[in-house]
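Okay, structure first, notes after.
Bear in mind that the values here come from a model prediction, so they are computed numbers and not experimental data. Counting starts at 1 for both ligands and their atoms, in listed order.
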Amino acid sequence: MKIKLCIVVGARPNFIKAAPIITAIKKFRKDHKDLNYFLIHTGQHYDENMSDVFFKEMGIPEPQYQLNIGSGNHGKQTGEMIGLIEEILLKENPDMLISIGDTNSTLAGAVAASKLHIPIAHIEAGLRLFNKHIPEEVNRLLTDHLSSLLFVPTKLAKENLVREGMKPSTILQYGDIMYDATLQFDKIAEKKSKILKDLDLEKEGFILVTVHRAENTAHIDHLKIILDSFVELSAQHKVVMPIHPRTKNLLKEHGLLEEYAKHIQVVDPLGYMDMLVMEKNAKLIVTDSGGVQKEAFFQETPCVTLFENTAWVELVELGWNTIVPPISTKLITKSILKVLKKKTKGKKGSPYGKGDSAELMLGKIVAFLSHPKF
Ligand code: UD1
Ligand code: UDP
């Protein structure tokens, strides 16, 4: 039976999560040439170091469709994506659309497919922050409710979907796709990356920080609360920040980039290989990124998350992640220093599967399409 899949990506975390699925498809195709796929890149992220680098490093083929949407207000950005994806779906008529994560590109793919009655598989379904002001919460929730296959990374994500009335047989817990990616690329990264040397860093000699979430970067006052804490820390610790373009733009707009860069080692966004090596070798990670919180755990580096809560509660329960709402510089600094002083890093645990989630998901997708009454 011939099967054609469409995968939609657009933003940095989409590319990273798509890579293991594409690896699984390539492997499957060795014996099953009747499985085909095509890739749509919405162009939500477009800088070389926010997009192309991941395609090159992770062996993701050139997308068949590049929509070049670019930045903009969420409604316009998502709406334009939907229109263009719809045109492609009408032409290609795939059997299933795969949407990944929680970005505007994730939602756009799901909405376009649902209008054409093309079944959707959502990878990284079910996570909830219980706050609909957060754009990612809305994207994930709506995508979940449009999807026929809900691939949840955790037990809690599964429970959330059951509570929301989703059919239990459509909820599939095969592990976390980012764990697959880390296992697939960790050794390669260690061999290839020269980032510690390039940035003149010692192993465990620096704190790695990333800040980009809308809630922390919409207003300069919020961002200052966080960065002022990094300045305080820099008196005792080297602080390295690969800067997201959104954060950089805000600092530049307020003429503050150079001032902060006197204390914090600000570098351009890193490729995935360099990022894995930085995460592994940092003494602590401080972040508001969903993905980086998890990678900190995969790399056995303690993490402080600057957000009101997290969907990855297992990390908090195991003691690897400490949630600090970024409401005051004093609180952030105090909390980070406390985590740094802790002797134990966290408890062992494997809440994210075995690193084979992409193959399991693909197997289920093929079974679903081969037996449509599933
Ligand atoms: C998006 C996702 C967020 C994810 C993040 C990963 C949504 C709603 N948000 O947020 O979930 O955590 O990606 O990084 O989908 N910009 C550039 N160059 C680029 C990309 C962005 O300069 O290549 C700048 C633009 O000024 C843009 C801003 O960054 O306006 C924000 O980009 P956008 O894609 O809207 O949201 P992110 O904050 O990146
Ligand atoms: N990442 C990267 N380079 C960077 C910062 C992050 O490769 O400079 C990777 C990181 O390793 C993780 C993913 O980007 O795999 C996380 O994406 P991001 O923080 O942009 O978004 P989120 O996970 O919060 O949606």
*Is it the side chain (CB and beyond), the backbone, both or neither of T106 that lies under 4.0 Å from ligand 1, heavy atoms counted?*
neither
*Of all the heavy atoms in T210, does at least one lie under 4.0 Å from an atom in ligand 2?*
no
_I'd like to know whether NE2 of H254 has more than 12 heavy-atom contacts from other residues, nucleotides or ligands below 6.0 angstrom._
yes
*asked:* What I want to know is whether R12 and ligand 2 share at least one N or O pair that is separated by under 3.5 angstrom.
replied: yes
_Under a 4.0 angstrom heavy-atom cut-off, which atoms of ligand 2 come close to Y272?_
7 (O), 15 (O)
*Spacing of CD belonging to E86 relative to CE belonging to M81, to within rounding of 0.5 Å*: 15.0 Å
*Sub-3.5 Å N/O-N/O distance, Q44 and ligand 1*: yes
*asked:* For S289, which part has a heavy atom under 4.0 Å from ligand 1: side chain, backbone, both, or neither?
replied: neither
_Evaluate N104 for polar contact with ligand 1, using N/O atom pairs at a separation under 3.5 Å._
yes
*Tell me, which protein residue and heavy-atom name are nearest atom 5 (C) of ligand 1, and how many Å apart are they?*
H212 NE2, 3.7 Å
*Option whose closest heavy atom lies nearest to atom 23 (O) of ligand 2, chosen from A296, P269, G291*: G291
_If the contact criterion is a heavy-atom separation under 4.0 Å, does M178 count as touching ligand 2?_
yes
_For D34, is the CG atom crowded, meaning more than 12 foreign heavy atoms sit under 6.0 Å from it?_
yes
*Heteroatom distance test (R246, ligand 1): nitrogen or oxygen, under 3.5 angstrom*: yes
*atom 7 (O) of ligand 2: which of F185, F54, F15 has the nearest heavy atom?*
F54
*What's the shortest distance from atom 1 (N) of ligand 2 to any protein heavy atom, and which residue and atom give it?*
M275 CG, 3.7 Å
*Going by atom types only, do R213 and N216 share a side-chain donor-acceptor pair under 3.5 Å?*
no
*asked:* With nothing but distance in play, are any N or O atoms of S289 less than 3.5 Å from an N or O of ligand 2?
replied: yes
*For H74, is the nearest heavy atom under 4.0 Å from an atom of ligand 1?*
yes
_E295-ligand 2 polar pair, N/O distance under 3.5 Å_ = yes
*asked:* So, taking the atom named NZ in K345 and the one named NZ in K348, what distance separates them when rounded to the nearest 0.5 Å?
replied: 8.5 Å
*If you measure from each heavy atom of G271 to ligand 2, is any distance below 4.0 Å?*
yes
*Find the distance between CG (D268) and CD1 (I243) and round it off to the nearest 0.5 Å.*
9.0 Å
*Taking the minimum heavy-atom distance to atom 8 (O) of ligand 2, which of T182, L276, D268, L270 ranks first?*
L270
*Mind checking whether H212 has a heavy atom under 4.0 Å from ligand 2?*
yes
